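Predicted model only: the values in this text are computed from it and were never measured. Residue numbers start from 1 in every chain, and the chains themselves are labelled A, B, ... in the order their sequence lines are given, proteins ahead of strands.
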Protein chains: 2
Amino acid sequence: MRLFSPVDRSKSPSARQTLNCTSGPIYRAASEGQAWRLRSGVVRLDNIGPKGEAVFASLAIAGDIIGCETLLFGAYTFSATALTQCEMSPWPEGDSVPAGESLLASLAQAQRRAADVVALRGGQAADRVLGLIRLLVDSTGQVVLPMRQDIADITDLRFETISRIIKQLERMQILLPLRMDGVHATRGFRVNLPA
Amino acid sequence: MRLFSPVDRSKSPSARQTLNCTSGPIYRAASEGQAWRLRSGVVRLDNIGPKGEAVFASLAIAGDIIGCETLLFGAYTFSATALTQCEMSPWPEGDSVPAGESLLASLAQAQRRAADVVALRGGQAADRVLGLIRLLVDSTGQVVLPMRQDIADITDLRFETISRIIKQLERMQILLPLRMDGVHATRGFRVNLPA
DNA sequence: CGCATTTTTGATACACGTCAATCTCCGTGG
DNA sequence: CCACGGAGATTGACGTGTATCAAAAATGCG
């Protein structure tokens with residue numbers, strides 16, 4: 001069970017105040033806090049559903065700003081949960097970029113990301129999973145996927161379906177599991193995309 | 001077939017420069033133009049797909065800002081199409097609201113709208129259509145729905161499925177068709193939601 | 001009035017959901 | 001060191017919600 005706990009500030013307190021956080025809750029909707037730029041990793045944003053449960057709302061990946069609504073409302077609109085190891089730093093960064101332009105860039109980025117997420121919820125199941133992989137793969141051709149259940153929440157499929165699709169992609173050599181200590185990783189892969 | 005044509009500026013050139021546009025194309029991705037605030041109506045935003053076709057990306061309803069990325073890039077990111085009669089006015093409005101705060105409000109609004117759209121693409125078909133109806137119903141309890149095909153694009157269902165669901169909602173008296181010239185309207189309804 | 005567009009409806013197919021069992025991986029404690 | 005237990009992942013058998021294909025009806029526009 002995931003419990004909400006403060007962000008780990010122990011690592012890299014040196015340059016530019018980057019914060020490390022392990023997979024797990026980052027902040028909760030309606031709580032107070034600041035905005036962040038996600039330096040690396042994957043974060044899911046959730047609405048609170050009618051029965052208090054988390055309802056997937058959006059996704060943030062490296063470069064995205066999360067929680068900037070606190071600058072306006074003083075509280076977070078969504079809950080944020082790290083789906084992989086993440087690095088974040090406070091936003092705005094206080095560098096020379098003019099505030100208005102920086103905000104505008106964030107708005108444009110948020111809209112494009114939203115379109116990406118919408119696309120992950122349409123079409124055939126395998127294409128949705130591939131779409132997510134394309135979104136998450138890094139420049140070296142590797143990817144650390146979220147848990148099957150989180151992929152299912154993002155794509156509006158069932159985790160059994162996700163499991164079948166990922167195993168199929170492995171058999172097709174599109175996903176090549178990374179080995180850690182000689183054992184088959186279930187979430188880290190080298191990606192070998194056809195297109 | 002929908003062809004792109006300029007916005008009709010003939011109506012209400014008086015106060016605050018509000019523009020009327022009939023159902024149809026508003027602007028095209030990559031073209032130049034300004035940002036707009038949608039005063040009334042429903043607009044779909046589309047990405048250009050791999051084969052040049054329109055791929056649904058997001059939805060804008062009354063109060064939303066569309067095309068604000070032109071302020072940054074000088075060109076639209078998405079294509080915009082009116083799904084119902086719309087009224088729009090140029091944005092920013094040039095009133096007293098500070099630019100930064102106004103932008104921030106737009107960003108927060110865009111994020112909430114994106115979460116709404118994501119929710120319209122998850123769960124059972126009937127719930128998705130009901131979700132859209134809830135989003136579009138006005139304060140008087142009436143709604144003018146987009147065409148079945150557009151609802152299908154938004155919810156990632158087929159128009160035949162949408163047709164069946166709407167007919168079912170009519171039979172359940174949740175949607176009460178408005179009569180115009182004595183004929184059964186297929187898109188205007190009085191809404192009688194259970195919850 | 002006539003024709004193109006949109007909507008409705010029916011019959012059938014299949015992709016994904018559901019339920020259940022098993023397996024792997026890992027941390028914990030005896 | 002190994003037994004134990006829990007979380008996550010895999011796999012199989014079967015059910016069902018929606019897609020697909022086809023045809024007709026209703027609507028709206030010139």
Notebook entry, point to check: Contact class for A:Leu157 vs. all strands (heavy atom < 4.0 Å): base, sugar-phosphate, or nothing?
Noted result: sugar-phosphate
Next item on the list: Compute the bend angle of the helix from C:dC1-D:dG30 to C:dG30-D:dC1 from the end axes (five pairs per end), rounded to 10°.
Entry: 40°
Notebook entry, point to check: Taking the nucleotide of DNA chain C with the closest heavy atom to each, which residue, A:Thr186 or A:Asp156, is nearer the 5' end?
Noted result: A:Asp156
Check: Atom CD of B:Gln85 to atom P of D:dG28: distance rounded to whole Å?
Finding: 14 Å
Next item on the list: Could you check how far CD of A:Glu160 sits from P of C:dC16, rounded to whole Å?
Entry: 14 Å
Margin query: To check you understand the geometry: which heavy-atom pair defines the closest contact between A:Ala29 and A:Ser79, and what is its length?
Written below: N-OG, 2.9 Å
Notebook entry, point to check: Just to confirm, is there a sub-4.0 Å distance from OP1 or OP2 of D:dT20 to any side-chain nitrogen or oxygen of B:Arg158?
Noted result: yes
Note to self: Quick one, B:Tyr27 and B:Phe78 - any side-chain contact, counting heavy atoms below 4.5 Å?
What the structure shows: no
Checklist line | Of A:Arg148 and B:Ile162, the one whose closest DNA chain D nucleotide lies more 5' | finding: A:Arg148
Margin query: Let's see if you can work this out: which of D:dG17, C:dC16, C:dT7 has an atom nearest to the side-chain heavy atoms of B:Gln124?
Written below: D:dG17
Item checked: salt_bridge(B:Asp64, B:Arg113) N-O dist < 4.0 Å -> yes
Next item on the list: Would you tell me if any nitrogen or oxygen in the side chain of A:Thr161 comes within less than 4.0 Å of OP1 or OP2 on C:dC16?
Entry: no
Checklist line | Upstream residue (5' side of DNA chain C) when A:Ile165 and B:Glu170 are each assigned their closest nucleotide | finding: B:Glu170
Checklist line | Distance, rounded to the nearest Å, where B:Lys167 contributes NZ and D:dA26 contributes P | finding: 10 Å
Check: Checking all strands, does A:Arg128 fall into the base, sugar-phosphate, or nothing category for heavy-atom contacts under 4.0 angstrom?
Finding: nothing
Check: How many Å lie between CE on A:Met147 and C1' on C:dT24, as a whole number?
Finding: 15 Å
Next item on the list: Using atom CD1 of B:Ile166 as one end and atom C1' of D:dA26 as the other, report the distance to the nearest whole Å.
Entry: 15 Å
Notebook entry, point to check: Looking at A:Thr22, A:Leu136, A:Val42, which one forms a side-chain contact (heavy atoms from CB on, under 4.5 Å) with A:Thr84?
Noted result: A:Val42
Notebook entry, point to check: Are the charged groups of A:Asp156 and B:Arg121 less than 4.0 angstrom apart, N to O?
Noted result: no
Note to self: If you only use heavy atoms from C-beta on, which nucleotide in D:dA13, D:dA9, D:dT27 is closest to the side chain of A:Ser163?
What the structure shows: D:dA9
Note to self: So that I can tick it off, tell me whether A:Asp46 and A:Arg44 are bridged by a salt bridge, with the cut-off set at under 4.0 angstrom between side-chain N and carboxylate O.
What the structure shows: yes
Checklist line | Nearest listed nucleotide, side chain of B:Phe159, among C:dT9, D:dT10, C:dT8 | finding: C:dT8
Margin query: Checking side-chain contact (heavy atoms from CB on, under 4.5 Å) between B:Phe189 and each of B:Val144, B:Leu145, B:Ile133, which is the one that passes?
Written below: B:Leu145
Check: In whole angstrom, what separates A:Arg164's CZ from D:dA9's C1'?
Finding: 11 Å
Checklist line | Protein-nucleotide distance (B:Phe189, atom CZ; C:dT7, atom P), rounded to Å | finding: 10 Å
Next item on the list: State, to 0.1 Å, how close A:Leu130 and A:Leu193 come at their nearest heavy-atom pair, and which atoms those are.
Entry: CD2-CD2, 3.9 Å
Notebook entry, point to check: Expressed in angstrom and rounded to an integer, what is the separation of A:Asp127 atom CG from C:dC16 atom P?
Noted result: 9 Å
